[in-house]
> 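Before anything else, here's the structure in question.
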Amino acid sequence: MARYNAKDSEKRWQAEWDVRGLFRTPPHSEAPKCYVLEMFPYPSGRIHMGHARNYTMGDVIARFRRAQGYNVLHPMGWDAFGLPAENAARDKGVSPRDWTYENIAHMREQLKMMGLSIDWSREFATCDVGYYHQQQKLFLEFYKAGFVHRQEADVNWDPVDMTVLANEQVIDGRGWRSGAVVERRKLSQWFFRITQFADELLAGLDTLDRWPEKVRLMQKNWIGRSEGLRFQFTLSDGEKLDVFTTRPDTLFGASFVALSPEHPLAQEMAKKDENLAAFIAECRHVGTAEADIEKAEKKGYDTGLKAIHPFDENWALPVMVANFVLMGYGTGAIFGCPAHDQRDLDFARKYSLPVTAVVVPEGIDPKTFDVGAEAYTGPGRLANSRFLDGMSADDAKAEVARRLEAAGVGERTVNYRLRDWLVSRQRPWGCPIPMIHCAKCGVVPVPEDQLPVKLPEKINFAVKGNPLDADVGWKTTTCPTCGGAATRDTDTLDTFVDSSWYFARFAAPHAAEPVDKAATDYWLPVDQYIGGIEHAILHLLYARYITRAMHKLGMVEVAEPFAGLFTQGMVCHETYKDAKGDWVSPDEVTKEGGKAFRTADHAEITIGPSEKMSKSKKNVIAPEAIIADYGADTIRWFMLSDTPPERDIEWTDAGAEGCWRFVQRVWRLASESEGLAAPGTPVTATDEASLNLRRATHRAIAAVTENLEALRFNNAVAQVYTLANAIGVAEKCDAAARREAIEALVLLCAPMMPHLAEECWRALGHDRLVAETPWLKYDAALIQTDSVTLAVQVNGKRRGEITMPKDSDGKAAESAALALDGVIRALDGKAPKKVIVVPNRIVNVVA
RNA sequence: GCCCAAGUGGUGGAACUGGUAGACGCGCUGGACUCAAAAUCCAGUACCGAAAGGUGUGUCGGUUCGAUUCCGACCUUGGGCACCA
């Protein structure tokens, strides 16, 4: 037989699946449903190894579940709005629309070459008018429900991308895309009230038992719930000031009250106090210029104002403006208790404010307890606190809260770190926000019959700022309420909005409403969602929020969109540098005996650590090149082999060749085996060689099934190898048993290497496609063995082994173990004190 | 600084609820086939030791008949958050 020709075979089977419409999901089915989804790609133009890994995993699950009889939905679409299209448009003078759709066409072909079992009839791009039209409706629904609000606020401005960013999109003080240091600007923008759902989003995490613990924890920290007390100080000028604390128990240790520089009261006072104004300006400066210099010194300014202690009208605390108090959290004002908060302590030491310990560790005399350079934040009993003295910190918290509530100046509240989601973007390649600004009527939603608000055909990138804002023809409209002249909102929605509900749209991609209730009720939640860990907060939190908001409006039944989540690792490759220190691409490098040389001039190349494939480090391998050389099945098999799917995988040439060899080996086993029984022959042989092969076959079926169910692809692959080895070394045995083993090998490979499986299946004489063949069931009787090998230990050290009939008596095992040479030698004449027998596992002799 | 995860051969990794550490792949070594090469097949491959045996899952301790697995401390790496009161 000829070698397996992947190129030819893969094309043929892809066409065959397509012609038969095998992956077209029927709208209705009696079978249980399974919705498998990988995070949809941005249409950058070509797929990379990260895509190859992500979509291979999803495809394995989809094919496996389909074979198991599930009604599977496995769609694909494009996260198609966003900045790269604008940049390409500006650089190359093409339209972002053309650029995007050309990229989509190219990537679609590449994904098809991967042999993915996708229902392409459901494909859409978020930049399709049909999609963003529905998104505009969704926005207006949210607006009507009060989920959306417009607010002037200090926002994060990315000076490179020329747009505002949500809090989640600022990482280490820099824009998540551009890497530019963000600036603060005061702008009027649209927000989604995600904080309204903070509690639900937090509580919902506990229901997501098929999510990685890590992601749930990250979201929990991001939401950042803390319980505390909000209460009022009366100031010396008679005004009131709200503060928030989680430590009301330390109220008698207070030595100052501090305001954020952005606090309205501080701003007000700054109008009459030049020095304060200068101080505030200085704080603002530090905050923006060098976010990295976070270790900034604590600085304060005494306003001269006093705050009256709520439990003692004769106790006046200085009111300071302090650079470390955040306006965005709590009320933007705090009381400082230096003994029990490190920041307050640093501050108090600097400005010589009193430090009074009021919580003292259990068993320590308050008189001897002294706070040095470190604040005490542990538990303890109250001291120096009048009516609280002797209470535990928890009791004291409750008592202070009770008294301040009774006095009508306090309220127990919950605070979140989470902020509302700023969704306005000053970019032209996005979903236009369907709002109209009228001088007379204010902000007015676009009436439904005037939707969609389409993007202009031509976008002029030569203008400064947002092209939509500069496009007078597009911007000018009439007010739907009064009919007068008005302008459109020229902002577009954050592209994370686009990706926050696409999974619901896939259930009925052509529905006249954003979601078709019946279809989403059937398909949602997504049973298995797969994507990169980098979306642990941003995308996954937004998608959970939008789903909850839709749920509240009765649009979808589910509250959580993704029942199962899997976060896959990155694809890495060795890095290469030449003598000058410049990065060298792997295809310019030849390796000999562990050393690397530049192919062109044989100059030695330094091999660096394996890192995520990136253009900047030139360590990128294109999937299309591998497909061209070895075929899609090889790349798929590689992505699943060896490395657990959640970890980073390293691409190596040797590994790829190993995969290719295995493809050939499976092909040889299926195509060259002589003397196989005819297809469908029942296996009746009971000779030892045949039984051994049958046991290996059924063990492999059981193990691969179990591993695929648990997404342990690397272990599933190892089990397939084990079966292939067993077939290879099997002695002459029954022809039907041999066929059974080879067919099992082919079918077990099928979700992972679907083209190869079809070719082998055909070679084995089958007419029906593997893609139409049900998953194998193992015979439990064949997995059982009647004899087992027990390890024998003396004092926990292995000294030999015994083979016993399964489930044999402990006494028999004991005497067999004691008779072993190694055991006798180890005992050295001593009598065993005790013998522990774990049935079918181990015998341990204690000497 | 706080929170979380992970440290196993030359290498990627395996080991169910504490029970034979190193499955399976890559690499390497030897052999077969070949004029030769490729491909393929067979055997071997944790470390020390000629062997008996000993030592081994980041380090140090603990619990246990028995620990990669449980507990404590520490080290290293990776990730998240970072003046959140």
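Just so we're on the same page: letters track the sequence lines, and every chain starts at 1. These numbers come from the heavy atoms of this one structure, side chains and all, not from hydrogens, waters or symmetry mates. Since we're looking at a predicted model, the values are computed, not measured.
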> Can you list the steps and then say if A:Ile621 with A:Met49 is a side-chain contact (heavy atoms from CB on, under 4.5 Å)?
CA-CA 7 Å; A:Ile621 305 284; A:Met49 284 293 184; 3.8 Å; yes

> Do the side-chain N or O atoms of A:Arg661 get closer than 4.0 angstrom to the phosphate oxygens (OP1, OP2) of B:C26?
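Answer yes for this pair, as a side-chain N or O of A:Arg661 is under 4.0 Å from OP1 or OP2.
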
> When you compare B:G12 with B:G7, how far apart are their C1' atoms, in angstrom units rounded to a whole number?
15 Å

> Suppose we define a pair by two distances each less than 3.5 Å, Watson-Crick or G-U wobble; what does B:C28 pair with here?
B:G44

> Quick one, A:Val663 and A:Trp660 - any side-chain contact, counting heavy atoms below 4.5 Å?
yes

> Of all the nucleotides listed (B:C83, B:C42, B:C84), which has the minimum atom distance to the side chain of A:Arg419?
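Between B:C83, B:C42, B:C84, the one nearest the side chain of A:Arg419 would be B:C84.
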
> Can you see if the side chain of A:Arg417 gets near the phosphate of B:A82 - specifically, an N or O under 4.0 Å from OP1 or OP2?
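So the side chain of A:Arg417 is within the cut-off, an N or O lying under 4.0 Å from OP1 or OP2 of B:A82.
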
> Hey, does A:Val717 reach any base, or is it just sugar-phosphate, or nothing, if we go heavy atoms under 4.0 Å?
nothing

> For nucleotides B:U69 and B:A15, find the distance between their C1' atoms and express it as a whole number of Å.
10 Å

> How far does the P atom of B:G56 sit from the matching atom of B:C60, given to the nearest Å?
9 Å

> Select one nucleotide: of B:C65, B:A85, B:C81, the one nearest the side-chain heavy atoms of A:Trp222.
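Looking only at side-chain atoms, A:Trp222 lies closest to B:C81.
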
> Can you see whether A:Thr195 engages A:Asp420 through a side-chain donor-acceptor pair at a distance of less than 3.5 angstrom?
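There is such a pair between these side chains.
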
> In the strands shown, is B:G72 matched to any nucleotide by a Watson-Crick or G-U wobble pair with both distances under 3.5 Å, and which?
B:C60

> Considering only the C1' atoms, how many Å lie between B:A14 and B:C2, rounded to the nearest integer?
35 Å

> Any side-chain N or O of A:Arg647 under 4.0 Å from OP1/OP2 of B:G12?
no

> With rounding to whole Å, what would you report as the distance between B:A43 and B:U59 at their P atoms?
35 Å

> Does B:G25 have OP1 or OP2 under 4.0 Å away from a side-chain N or O of A:Asn725?
yes

> Is there a Watson-Crick or G-U wobble partner for B:C35 with both distances under 3.5 Å, and if so, which one is it?
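Pair assignment: B:C35 / none.
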
> What interatomic distance, in whole Å, is found between C1' of B:C47 and the corresponding atom of B:G22?
13 Å

> Provide, to the nearest angstrom, the distance between the CD atom belonging to A:Gln219 and the C1' atom belonging to B:G80.
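So the CD-C1' distance, A:Gln219 to B:G80, works out to 12 Å.
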
> So which heavy atom on A:Leu693 is nearest to which on A:Ala730, and how close?
CD1-CB, 4.1 Å

> Contact class for A:Thr652 vs. all strands (heavy atom < 4.0 Å): base, sugar-phosphate, or nothing?
nothing

> Please state the P separation for the pair B:C16 and B:A21 - nearest whole angstrom.
14 Å

> Closer than 4.0 angstrom, basic N to acidic O: yes or no for A:Asp344 and A:Lys298?
no

> Considering heavy-atom distances to RNA chain B, does A:Ile537 or A:Leu217 have its closest nucleotide positioned more toward the 5' end?
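Result: A:Leu217.
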
> Could you tell me whether the side chain of A:Arg247 has a donor or acceptor atom within less than 3.5 Å of a complementary atom in the base of B:A85?
no

> Hey, does A:Asn844 reach any base, or is it just sugar-phosphate, or nothing, if we go heavy atoms under 4.0 Å?
base

> Any idea which of B:A14, B:A85, B:G19 is nearest the A:Ile836 side chain?
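Within the option list, the nearest is B:G19.
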
> Does B:A15 have OP1 or OP2 under 4.0 Å away from a side-chain N or O of A:Asn715?
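Checking B:A15 against A:Asn715, a side-chain N or O does come within under 4.0 Å of OP1 or OP2.
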
> Taking CD from A:Glu657 and P from B:U11, how many angstroms apart are they, rounded to a whole number?
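Computing the A:Glu657:CD to B:U11:P distance gives 21 Å.
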
> Could you say whether A:Val792 or A:Ala333 is positioned toward the 5' end of RNA chain B, judged by the nucleotide with the nearest heavy atom to each?
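Closer to the 5' end of RNA chain B: A:Val792.
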
> Can you measure A:Met218 atom CE to B:C4 atom P for me and round it to whole angstrom units?
14 Å

> With the 90 degree cut-off around zero defining syn, does B:G31 come out syn or anti?
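Anti, since the glycosidic angle lies more than 90° from 0.
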
> For B:U55 and A:Lys797 - does any side-chain N or O of the residue sit under 4.0 Å from the phosphate oxygens OP1/OP2?
yes

> Nearest whole Å is fine: how far is B:C42 P from A:Ile727 CD1?
13 Å

> How about A:Phe256 and A:Phe347: are their ring centroids closer than 6.0 Å?
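Ring centres of A:Phe347 and A:Phe256 closer than 6.0 Å.
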
> Begin with the C-alpha distance, continue with both residues' side-chain angles, and end with the deciding distance and a verdict on side-chain contact (heavy atoms from CB on, under 4.5 Å) for A:Val666 and A:Val720.
CA-CA 10 Å; A:Val666 173; A:Val720 169; 5.8 Å; no

> To the side chain of A:Ser226, which of B:G13, B:C41, B:A85 is closest?
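From the listed options, B:A85 comes nearest.
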
> May I ask you to evaluate whether A:Arg799 reaches the phosphate of B:G54, defined as a side-chain N or O under 4.0 Å from OP1 or OP2?
yes

> Side chain of A:Leu326: nearest nucleotide among B:G19, B:C84, B:C24?
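Comparing B:G19, B:C84, B:C24 against the side chain of A:Leu326, the answer is B:C84.
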
> Need the pair for B:G22. Rule: Watson-Crick or G-U wobble, both distances under 3.5 Å, any strand; none if unpaired.
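With both distances under 3.5 Å required, B:G22 matches none.
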
> Would you indicate which nucleotide in B:C84, B:G19, B:G13 comes nearest to any side-chain atom of A:Tyr329?
B:C84

> Write down the distance between CD (A:Glu672) and P (B:C41), rounded to a whole number of angstrom.
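Atom-to-atom, A:Glu672 to B:C41, this comes out as 10 Å.
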
> Please give me the minimum heavy-atom distance between A:Arg53 and A:Met570, naming the atom from each residue.
NH1-O, 3.5 Å

> In whole angstrom, give the distance that lies between atom CZ of A:Phe347 and atom C1' of B:A85.
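Taking CZ of A:Phe347 and C1' of B:A85, I get 13 Å after rounding.
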
> B:G44 and B:U57: how far apart are their P atoms, nearest whole angstrom?
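To the nearest whole Å, 26 Å.
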
> Measure the distance from NZ on A:Lys834 to P on B:C65 and round it to the nearest whole Å.
6 Å

> Can you tell which of B:A39, B:G25, B:U20 lies closest to the side chain of A:Asp642?
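The closest nucleotide is B:G25.
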
> Is the phosphate of B:C84 approached by A:Tyr416 (side-chain N or O, under 4.0 Å from OP1 or OP2)?
no

> Please assess A:Tyr4 against A:Asp633 for the test side-chain contact (heavy atoms from CB on, under 4.5 Å), listing each intermediate value before the final yes or no.
CA-CA 12 Å; A:Tyr4 176 64; A:Asp633 285 336; 4.0 Å; yes

> At less than 4.0 Å, is any side-chain N or O atom of A:Ser641 found next to OP1 or OP2 of B:G12? Yes or no.
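For B:G12, neither OP1 nor OP2 has a side-chain N or O of A:Ser641 closer than 4.0 Å.
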
> If you take atom types as modelled and just measure distance, does the side chain of A:Arg841 reach the base of B:C16 with a donor-acceptor pair under 3.5 Å?
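In this structure, the two groups form a donor-acceptor pair.
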
> Is it true that A:Glu646 and A:Lys214 have a side-chain N and a carboxylate O under 4.0 angstrom from each other?
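The answer is no: the pair does not qualify as a salt bridge.
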
> To the nearest Å, how far apart are A:His535 NE2 and B:G79 C1'?
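From A:His535 NE2 to B:G79 C1': 16 Å.
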
> Quick check for you: among B:C41, B:G13, B:U20, whose closest atom lies nearest to any side-chain atom of A:Thr643?
B:G13

> Between B:C65, B:C83, B:C24, spot the one nearest the side chain of A:Arg343, thanks.
B:C83

> Taking pairing as Watson-Crick or G-U wobble with both contacts under 3.5 Å, can you name the mate of B:A51, or confirm there isn't one?
none

> Tell which nucleotide pairs with B:C2, taking only Watson-Crick or G-U wobble pairs whose two distances are both under 3.5 angstrom.
B:G80

> So does A:Lys298 reach the base of B:C83 with its side chain, donor to acceptor, closer than 3.5 Å?
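Yes, the side chain and the base share a sub-3.5 Å donor-acceptor pair.
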
> Below the 4.0 Å mark, does B:A23 have OP1 or OP2 next to a side-chain nitrogen or oxygen of A:Arg699?
no

